[in-house]
**Student:** 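I have a structure here, written as structure tokens, and I will follow up with some questions on it.
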Amino acid sequence: QVQLVESGGGLVQTGGSLRLSCAASGRTFRNYGLGWFRQAPGKEREFVAALNWSGGSTVYADSVKDRFTISKDNAKNTVYLQMSRLKAEDTAVYYCAVDRSPFGTVGDYPRRLLESAYWGQGTQVTVSS
């Protein structure tokens, strides 16, 4: 049973930083895609960033490129999202997701993960102006 546990959310001022963590367990994640999505009140869940567990290739939404960095720690089976220069519009519940099937490409992860993934419970990020 795949389990994803997010942590690290909180309240931060505009321009500040936060690091989210997603501890993954339940199977090996070699060749799988893992990523972060977010959902603001009244809006649909949207893609933020993803990576391939084996090769480390990454993909980002345009809205967070150059501000957010996704990374992983193989030994801890944990994926991170380092968020910098936060804006009020980054306020949302952030969810970790892992692909149900391996061997996708990073270009496909935004669609694949949204359509079919295991999800964590989410962590709230609030950016105050």
Side-chain angles (χ1 to χ4, degrees):
Q1 179 99 12
V2 173
Q3 286 193 320
L4 304 172
V5 180
E6 301 102 330
S7 61
L11 175 65
V12 64
Q13 290 188 331
T14 300
S17 300
L18 276 177
R19 189 178 78 159
L20 305 183
S21 300
C22 173
S25 62
R27 67 157 192 238
T28 177
F29 295 100
R30 182 185 300 177
N31 295 316
Y32 283 79
L34 292 94
W36 290 92
F37 286 71
R38 66 187 182 187
Q39 189 165 18
K43 295 189 176 181
E44 294 185 350
R45 190 168 297 190
E46 66 173 3
F47 170 75
V48 176
L51 57 71
N52 176 274
W53 187 264
S54 296
S57 299
T58 58
V59 59
Y60 294 91
D62 288 342
S63 59
V64 306
K65 207 172 291 184
D66 299 326
R67 298 190 299 123
F68 291 9
T69 302
I70 188 170
S71 62
K72 61 183 174 72
D73 184 324
N74 290 347
K76 295 182 179 180
N77 251 22
T78 298
V79 177
Y80 302 100
L81 185 69
Q82 178 67 49
M83 306 185 293
S84 304
R85 291 182 281 140
L86 283 160
K87 306 175 182 179
E89 51 263 43
D90 295 319
T91 295
V93 177
Y94 283 71
Y95 297 91
C96 180
V98 61
D99 209 338
R100 291 180 183 264
S101 302
F103 303 117
T105 62
V106 287
D108 288 338
Y109 286 157
R111 176 189 57 81
R112 283 173 62 100
L113 291 172
L114 190 61
E115 291 179 351
S116 178
Y118 294 101
W119 295 93
Q121 83 286 353
T123 185
Q124 176 71 47
V125 172
T126 303
V127 184
S128 65
S129 55

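Numbering starts at 1 and runs along the sequence shown. The shown structure was predicted, so the numbers you read here are calculated from the model rather than taken from an experiment.
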**Student:** Measure from NZ or CZ of Arg19 to the centre of the six-membered ring of Tyr80, then state whether that distance is under 6.0 Å and the direction lies within 45° of the axis.
**Tutor:**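 Yes - Arg19 lies over the ring of Tyr80, closer than 6.0 Å to its centre and within 45° of its axis.
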**Student:** How many angstroms lie between atom CD of Gln124 and atom CD of Gln39, to the nearest 0.5 angstrom?
**Tutor:**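 Output value for this atom pair is 11.0 Å.
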**Student:** Under the criterion side chain to side chain contact (heavy atoms under 4.5 Å, CB included), which of Thr123, Val125, Leu20, Leu18 is the partner of Leu81?
**Tutor:**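 Considering Thr123, Val125, Leu20, Leu18, a side chain to side chain contact (heavy atoms under 4.5 Å, CB included) with Leu81 is found only for Leu20.
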**Student:** Taking Arg85's backbone N and O only, do any of them form a donor-acceptor pair with Arg67's side chain (distance below 3.5 Å, no angle check)?
**Tutor:**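 Yes, Arg67 side chain to Arg85 backbone: donor-acceptor pair under 3.5 Å.
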**Student:** Kindly indicate whether the side chain of Leu113, heavy atoms from C-beta on, has any atom under 4.5 Å from the side chain of Asp99.
**Tutor:**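 Heavy-atom side-chain distance check passes, below 4.5 Å.
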**Student:** Quick one: closest heavy-atom pair of Thr91 and Ala40, and the distance?
**Tutor:**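 In terms of heavy atoms, the two residues are closest at O-CB, 3.7 Å.
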**Student:** How long is the span from the SG atom in Cys22 to the NZ atom in Lys76, to the nearest 0.5 Å?
**Tutor:**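 If we round to the nearest 0.5 Å, Cys22:SG and Lys76:NZ are 14.0 Å apart.
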**Student:** Identify the heavy atoms of Gln82 and Ser17 that sit nearest to each other, and give their distance.
**Tutor:**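 Heavy atoms only, the tightest pair is NE2-CB, 4.0 Å.
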**Student:** Can you tell me how far the OG atom of Ser25 sits from the CD atom of Gln3, to the nearest 0.5 Å?
**Tutor:**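 So the OG of Ser25 and the CD of Gln3 are separated by 5.0 Å.
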**Student:** Just by distance, with hydrogens left out, do Asp66 and Tyr60 show a side-chain donor and acceptor under 3.5 Å apart?
**Tutor:**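 Checked: Asp66/Tyr60 side chains show no N/O donor-acceptor pair below 3.5 Å.
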**Student:** So, is the end of the Arg27 side chain (NZ or CZ) under 6.0 Å from the ring centre of Tyr118 and within 45° of the ring's axis?
**Tutor:**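 Here Arg27 fails the 6.0 Å and 45° test against Tyr118.
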**Student:** Looking at every non-hydrogen atom in both residues, tell me the closest pair between Ser101 and Arg112 and how far apart they are.
**Tutor:**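 So the two residues come closest at O-NH2, 3.0 Å.
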**Student:** Would you say the side chains of Thr78 and Asp73 form a donor-acceptor pair under 3.5 Å?
**Tutor:**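 No donor-acceptor contact under 3.5 Å links the two side chains.
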**Student:** Check Ser21 against Trp36 and note the closest heavy-atom contact, atom names and distance.
**Tutor:**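 Closest pair (atom of Ser21, atom of Trp36, distance): O-CH2, 3.6 Å.
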**Student:** Looking at Glu6 and Cys96, would you say the former's side chain and the latter's main chain have a donor-acceptor pair under 3.5 Å?
**Tutor:**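 At least one qualifying donor-acceptor pair exists.
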**Student:** Roughly how far, to the nearest 0.5 Å, is the OG atom of Ser129 from the CG atom of Leu86?
**Tutor:**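 Between Leu86 CG and Ser129 OG, I get 12.5 Å after rounding to 0.5 Å.
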**Student:** Do Met83 and Val64 have side chains that approach each other closer than 4.5 Å (heavy atoms only, starting at C-beta)?
**Tutor:**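 A side-chain contact is absent here, since even the closest heavy-atom pair is not under 4.5 Å.
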**Student:** Quick one: do Asp90 and Lys87 satisfy salt bridge (Lys or Arg N to Asp or Glu O under 4.0 Å)? Show the steps, please.
**Tutor:** CA-CA 5 Å; Asp90 295 319; Lys87 306 175 182 179; over 6 Å; no
**Student:** Should the pair Phe37 and Phe47 be assigned to parallel (<30°), tilted (30 to 60°) or perpendicular (>60°) ring geometry?
**Tutor:**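 Perpendicular.
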**Student:** With a 4.5 Å limit on heavy-atom distance, are the side chains of Leu51 and Lys72 in contact?
**Tutor:**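 Leu51 vs Lys72: side chains touch.
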**Student:** Are Trp53 and Asn74 side-chain neighbours, meaning at least one heavy-atom pair lies under 4.5 Å?
**Tutor:**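 Sidechains of Asn74 and Trp53: in contact.
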**Student:** When hydrophobic residues are tied together by side-chain contacts of less than 4.5 Å, even through go-betweens, does Leu4 share a cluster with Val93?
**Tutor:**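 Different clusters.
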